2 protein chains.
Amino acid sequence: MAITIKDVAKQAEVSPATVSRVIADNPRISAKTKQKVRETMKSLGYYPNFQARNLVAQKTRTIGIIMANSTTLAFQNPFFPEVLRGISVSAHNSQYGLYLSTGATEEEIFEEVVAMDQGKRVDGIILLYSRVGDRIMDYLFQSGLPFSVVGRPHTNADAISYVDNDNIGIAKQVMAHLFGLGHQRIAFIAGGKDFVVTLDRLKGFEEALAEHAIPHQAEYVVNQEGMQQDGKGAIRQLFELPEPPTAIVTHDDLVAYEVIGYLEDLQINVPEDVSIIGFNNHALSKHLKPPLSSVDICIYELGVEAANLLLEKINDEKAVPRQITVSSRLIERGSCQGR
Amino acid sequence: MAITIKDVAKQAEVSPATVSRVIADNPRISAKTKQKVRETMKSLGYYPNFQARNLVAQKTRTIGIIMANSTTLAFQNPFFPEVLRGISVSAHNSQYGLYLSTGATEEEIFEEVVAMDQGKRVDGIILLYSRVGDRIMDYLFQSGLPFSVVGRPHTNADAISYVDNDNIGIAKQVMAHLFGLGHQRIAFIAGGKDFVVTLDRLKGFEEALAEHAIPHQAEYVVNQEGMQQDGKGAIRQLFELPEPPTAIVTHDDLVAYEVIGYLEDLQINVPEDVSIIGFNNHALSKHLKPPLSSVDICIYELGVEAANLLLEKINDEKAVPRQITVSSRLIERGSCQGR
DNA sequence: CTGAAAGCGCTTACAG
DNA sequence: CTGAAAGCGCTTACAG
């Protein structure tokens, strides 16, 4: 059996209450007593039991992290580890621990969220994604449990603390860059279509076209399902169009390189024949050939700020929901060319 | 205030003890009572409080995950998310949750491990790496807390449950493949030098050379520190040797592509001038040019088995330590050529 | 088959 | 400045 507060109390010849107060560094305890109790704790190797402490304190100093369905490609790209790194740093600074969802299906994850909330397993939750009509977000919204989101919520956004990039704006900037190089026929390889980030970037894409009076052709948009089922075929189709694109924007660098691979098979060269821009600025993108122009969305900062927003709500019951826009910028490399 | 067991008891007109037994599905409770209590739980929206339950049960149904220093490049490559996915699946199947270390330095992580153990915050720990002379491993070994390791422990390996690839063997296989293609001067870009996985692969590398009576040249081994400080310089140096290598083995695919980038800058072509093989079989490696020959180490399985080993120890106090070797195999693509 | 009581290891008003 | 007591929300021998 582990050392308890009673063992320390007995050994130090004080009451358990006093030991507890020494742990909490209560100012009403004399320096002498504190000293004595602390020595005893040390000599006995005492460590407070978290379960007991949490039970009476009615809090856990733990943050729940909800990630999207782990069977998706979410795990392939570096978004998850990088955002987690940001969250870790912020949580660690405030002495919070991290509890991870493990479910593989949306149903399982939903159950976990309910259990985390109702079972008082965490003090708050960070939702690592935002999708349209998400049960989990709806549940959190009505639960009263503090939470924050990485990504703009599709509904009730004003009433929710979240971090996001200016996805519409950055998509327009990417388009402006391509327009500036003389491109008019631009394809867009989009992420999962129920993710708000996808909708926003697509909106920026379309707005940019509209502002330049370029008609929006649906064939130029390839959705994630199309890429996953038959990426090669999807790209081939794109270039069998009567007017094939001269530039491609993809929602992720890894996808960009996958596309570049298919293009090489089709004898289409990047950037000579077609320009390409990715998102997420993968560590590899500056080393590979061609070096990829990519949008750095500052994933680490997204994580840090999401954790900060959550901690703000945890620490202050009536903190007003805040929204943080993390900067993003296009990093130009060698994958685009004027025409 | 949340609904407690007492509320349910009152409403269902039974004792709290009975409600507790219904939750545990105790066979001594009549079907009728169970039915009644369950209905009441549902109608009140009752959820058991984990803290309370854990406190009395003296266990947490939570697994602690210790990852290496998050400031390292560990986060760049897909090992971490993939091994975590394996652990998640196994943990979820057994209804265990995951608690993550957040520390940025070894000291911080050590403190967390102690807190997880002494504070009874987790039922066991999975250590995601194995390095020489690791305080954390030593602590766990003497603590009595169940734990398992991804990677062979450097000391006391027989007394510890761990999963690993046959790193010596697979390194030798990689070498045999290159020998078979006629390569004799082979460079090795190694991982962190205090990781056991690095030592094992290096051992396989050296044994293979010895078996082929090829002298081992220290200049052909580039360690991680060298790559991180000045990767480009390190590769240039390699090819300024009087007898430059004709093949390169790297500890990770991403590093392989980084190297390939430097080689292109040096006007050295892969695979015509130099062959290259990576480890970890990154999702991208089949799409990129050149498609990279790579060792698939089955990261997901490593995670699954590490979790299984831990659960085995958690569920059976006196379970004997077991070691699991997860298969690994070289996947040949276009990055090697005979000479 | 069910209940009353004790207890898991803490914290925190309430007294003094 | 310190202690005795009650209580956080459960579980589990012990009775009956």
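None of these values were measured; they are calculated from a predicted model. Letters A, B, ... are given to chains in the order of the sequence lines, protein chains preceding strands, and every chain is numbered from 1.
Atom pair Gln58(B):CD and dC10(D):P shows a separation of 17 Å (rounding to whole Å applied). Taking atom CG of Asn49(A) as the reference point, atom C1' of dC8(C) lies 8 Å away to the nearest angstrom. Remark: C1' of dT2(D) and NZ of Lys34(A) are 13 Å apart, rounded to the nearest angstrom. Distance Gln51(B) CD to dG9(D) C1': 10 Å, rounded to the nearest Å. Rounded to whole Å, the distance from CE on Met41(B) to P on dG9(D) is 17 Å. Between the CG atom of Asp25(A) and the P atom of dT12(C) there is a distance of 14 Å, given to the nearest Å. If you measure from atom OH of Tyr46(A) to atom P of dG9(C), you get 10 Å, rounded to the nearest angstrom. Straight-line distance from the CG atom of Leu55(B) to the P atom of dG7(D): 17 Å, rounded to whole Å.
Because its NZ or CZ atom is not both nearer than 6.0 Å to the ring centre of Tyr139(A) and within 45° of the ring axis, Arg135(A) does not count as a cation-pi partner of that residue.
In this structure, Val163(B) and Glu301(B) have side chains that are not in contact, with every pair of non-hydrogen atoms separated by 4.5 Å or more. Looking only at side-chain heavy atoms (C-beta outward), Leu127(B) and Asp134(B) come within less than 4.5 Å of each other. The shortest side-chain heavy-atom distance between Asn49(B) and Ile5(B) does not fall under the 4.5 Å cut-off.
Nearest to the side-chain atoms of Ser30(B) among the listed nucleotides dC1(D), dC1(C), dG9(D) stands dC1(C). Of the candidate nucleotides dT11(C), dT2(C), dC8(D), dT2(C) has the atom nearest to the side chain of Thr33(B).
Contact between the side-chain N/O atoms of Arg53(A) and the OP1/OP2 oxygens of dG9(C) is not found at any separation under 4.0 Å.
Counting non-hydrogen atoms under 4.0 angstrom, Phe50(B) reaches nothing in the nucleic acid.
Formation of a donor-acceptor pair under 3.5 Å by the Ser94(A) side chain with backbone atoms of Tyr96(A) is not found in this model. Lys120(B) places no side-chain N or O within 3.5 Å of a backbone atom of Thr60(B) that could act as its donor or acceptor partner.
Residue-to-nucleotide proximity on DNA chain C shows that, of Arg28(A) and Val56(B), the 5′-proximal contact is made by Val56(B). Comparing Ala52(B) and Ala31(B), the nucleotide of DNA chain C nearest to each residue sits closer to the 5' end for Ala31(B).
Look at dA13(D): it lacks any Watson-Crick or wobble partner with both distances under 3.5 angstrom.
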Q.
What verdict does the side chain to side chain contact (heavy atoms under 4.5 Å, CB included) test give for Phe141(A) and Thr155(A), after you've listed the backbone C-alpha separation in whole Å, the side-chain angles of each residue and the deciding distance to 0.1 Å?
A. CA-CA 10 Å; Phe141(A) 188 65; Thr155(A) 49; over 6 Å; no

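DNA chain C lies under 4.0 Å from at least one heavy atom of each of the following residues of residues 5-21 of chain B: Val14(B), Ser15(B), Ala17(B), Thr18(B), Arg21(B).
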